[in-house]
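Following: one structure in structure tokens, then a few remarks.
Naming: A, B, ... by sequence-line order, numbering from 1 per chain. Only heavy atoms go into these numbers, but all of them, side chains included; no hydrogens, no water, no symmetry mates.
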Amino acid sequence: MTRSEAYPLRRRDVVRRLLAEAGDLLVVTGLGAPSWDATAAGDRDLTFPLWGAMGAAAMMGLGLALAQPERRVLVITGDGEMLMGLGALASIAVQGPRNLAIAVLDNERYGETGMQTTHTAGPCDLAAMAIGAGFPAAADIFDEDALAEALPRIRSEPGPLFFNIKVRAEELPLVLPPKDGAFLKTRFRAALLDN
Amino acid sequence: MEQPEAAHWSNEVHAVLREHQVRQVAYVPDAGHRELIVKCGRDAAMTAVTLTTEEEGIALLGGAWLGGQRGVLLMQSSGVGNCVNMLSLAKTCGFPLLILVTMRGQWGEFNPWQVPMGQATPEVLRATGTIVFETDKAAEIGETVEAAARMVFNGPASAAVLISQRVLGAKTFGK
Ligand SMILES: Cc1ncc(C[n+]2csc(CCOP(=O)(O)OP(=O)(O)O)c2C)c(N)n1
């Protein structure tokens, strides 16, 4: 057994709580399991679930946060997805969007592709990298107490914020959002811009 | 080959971007884009976003569009190589994507390291469903960006305007 198989936090529960009473929260989720977790918490127009474009999630969050400075933006992604776009941490920190939070579900694995270990199973520390990139606040979350403390901060503390949430490595049933990217885009824009 | 400041093509391109209400200007710098970057950076209606790699810009502008803003992505031709998979994001979701590419490895290139990607640039863009406009003269850049912007934002479409090294002047490192 590797260490992340024993982590107490479970990703479906974490995401359900990240998205509880989401209201007008604007959400982008990274490809694969984070998108399935968000859908399991309830498919919604103002969540844009990626099905591809690995490495894009954080930067999509930045573009959205800059375009909608009055709205809170949350990116939920995987450790593998975040590792593919690490430069985004520096690009985001330089812009300093106060309305953006990033939550990584760090299971230390590439879940979708057979649970191979990612660098975070070794010495790589994503929260430290976010701090190094210039994020004013970044932390690891290992347990229930830290999660409970972080949840309200993710919704309201001035950002950019980065939380690396250590979650149990587990294979879960697929809960798929709509797959048509143009539809996902159009419904998001309609919900955000048309009223 | 250098145009005087008042006539520089970047003035016209900046005006076209303003007209099309471009609000986010993302780039990894290239010498050929220097003037345009300065003009966009000074424009209070535009947010300049420096990227660590060009593919970040495609994701950024997808997010911008979700939030109701238009953008443009500036890069040199080697940056097109950094973007390939991410171009699928714009295509699959129909995010309007306007890219202005300053060409290297093309017209009298001094640095052989630029040549393979420079030569492959139009084909790589077309292979990923991006409309390609090629420009050869400074005087036609503004109108070409205008034509591309119309197709991008009325589309949605992905389009790239390639600005020839002939316009920019081949770098020689003094040789
Ligand atoms: C460019 C690219 N390379 C590889 C893949 C294959 N792939 C799909 S999901 C995934 C793993 C994602 O891992 P992570 O973000 O950690 O999410 P997890 O499923 O572990 O929560 C990979 C490698 C891909 N889709 N795109």
Side-chain angles (χ1 to χ4, degrees), chain A residues 26-28 30-31 45-71 73 75 77 81 84-97 99-100 133 178-194, chain B residues 21-29 40-41 43-75 79 82-98 128-129 152-153 155-158:
Chain A
L26 307 180
V27 180
V28 175
L31 88 169
D45 292 353
L46 291 177
T47 294
F48 189 82
L50 285 155
W51 280 78
M54 187 165 172
M59 284 305 284
M60 284 196 84
L62 176 62
L64 184 53
L66 293 175
Q68 290 287 329
E70 305 303 323
R71 303 289 283 267
V73 177
V75 173
T77 192
E81 206 272 350
M84 193 169 279
L86 281 176
L89 294 176
S91 298
I92 290 166
V94 164
Q95 293 294 325
N99 57 333
L100 177 64
K179 193 161 49 181
D180 179 342
F183 168 73
L184 293 166
K185 169 199 70 176
T186 303
R187 76 172 187 177
F188 189 106
R189 282 172 53 92
L192 175 62
L193 305 171
D194 287 357
Chain B
Q21 287 153 8
V22 163
R23 303 288 306 280
Q24 296 192 25
V25 180
Y27 58 88
V28 174
C40 294
D43 188 331
M46 298 181 180
T47 301
V49 181
T50 308
L51 311 167
T52 70
T53 172
E54 291 80 358
E55 65 190 284
E56 285 177 8
I58 297 173
L60 177 91
L61 298 186
W65 183 252
L66 282 182
Q69 284 192 346
R70 297 175 174 195
V72 67
L73 176 55
L74 315 179
M75 66 181 72
N82 288 354
C83 288
V84 180
N85 181 54
M86 212 54 93
L87 288 163
S88 324
L89 173 68
K91 205 65 203 162
T92 309
C93 300
F95 288 126
L97 178 62
L98 177 61
T128 52
V152 163
F153 297 120
S158 302

Problem set entry | Atom group of A48(B) that falls short of 4.5 Å from chain A, counting heavy atoms | backbone

For this session: Quick one: closest heavy-atom pair of M59(A) and A59(B), and the distance?
Result: CB-CB, 3.7 Å

Exercise. Mind checking whether F95(B) and M60(A) have side chains closer than 4.5 Å, heavy atoms only?
Worked result: yes

Problem set entry | Atom group of E56(B) that falls short of 4.5 Å from chain A, counting heavy atoms | both

Exercise. With a 4.5 Å heavy-atom cut-off, do L66(A) and R23(B) have their side chains touching?
Worked result: no

Problem set entry | Residue selection (most heavy-atom pairs with chain A, distance under 4.5 Å) from L60(B), L89(B), T92(B), T52(B) | L60(B)

For this session: Check each atom of L50(A) against the heavy atoms of chain B and say whether the ones under 4.5 Å are side chain, backbone, both or neither.
Result: side chain

For this session: List the atom of Q24(B), the atom of G63(A), and the distance in Å for their closest heavy-atom pair.
Result: NE2-O, 3.0 Å

Exercise. Taking all non-hydrogen atoms of both residues, which atom of G67(B) and which atom of A67(A) are closest, and how far apart?
Worked result: O-CB, 3.7 Å

Exercise. Just wondering, do L62(A) and V49(B) contact through their side chains at under 4.5 Å, heavy atoms?
Worked result: yes

Exercise. Given that the side chain runs from C-beta out, which part of L66(B) has a heavy atom under 4.5 Å from chain A: side chain, backbone, both or neither?
Worked result: both

Exercise. For T47(B), is it the side chain, the backbone, both or neither that has a heavy atom under 4.5 Å from a heavy atom of chain A?
Worked result: side chain

Exercise. At their closest point, which heavy atom of A53(A) faces which heavy atom of M86(B), and how far apart are they?
Worked result: CB-SD, 3.6 Å

Exercise. Between G52(A), G87(A), G55(A), which shows the greatest number of heavy-atom pairs under 4.5 Å with chain B?
Worked result: G87(A)

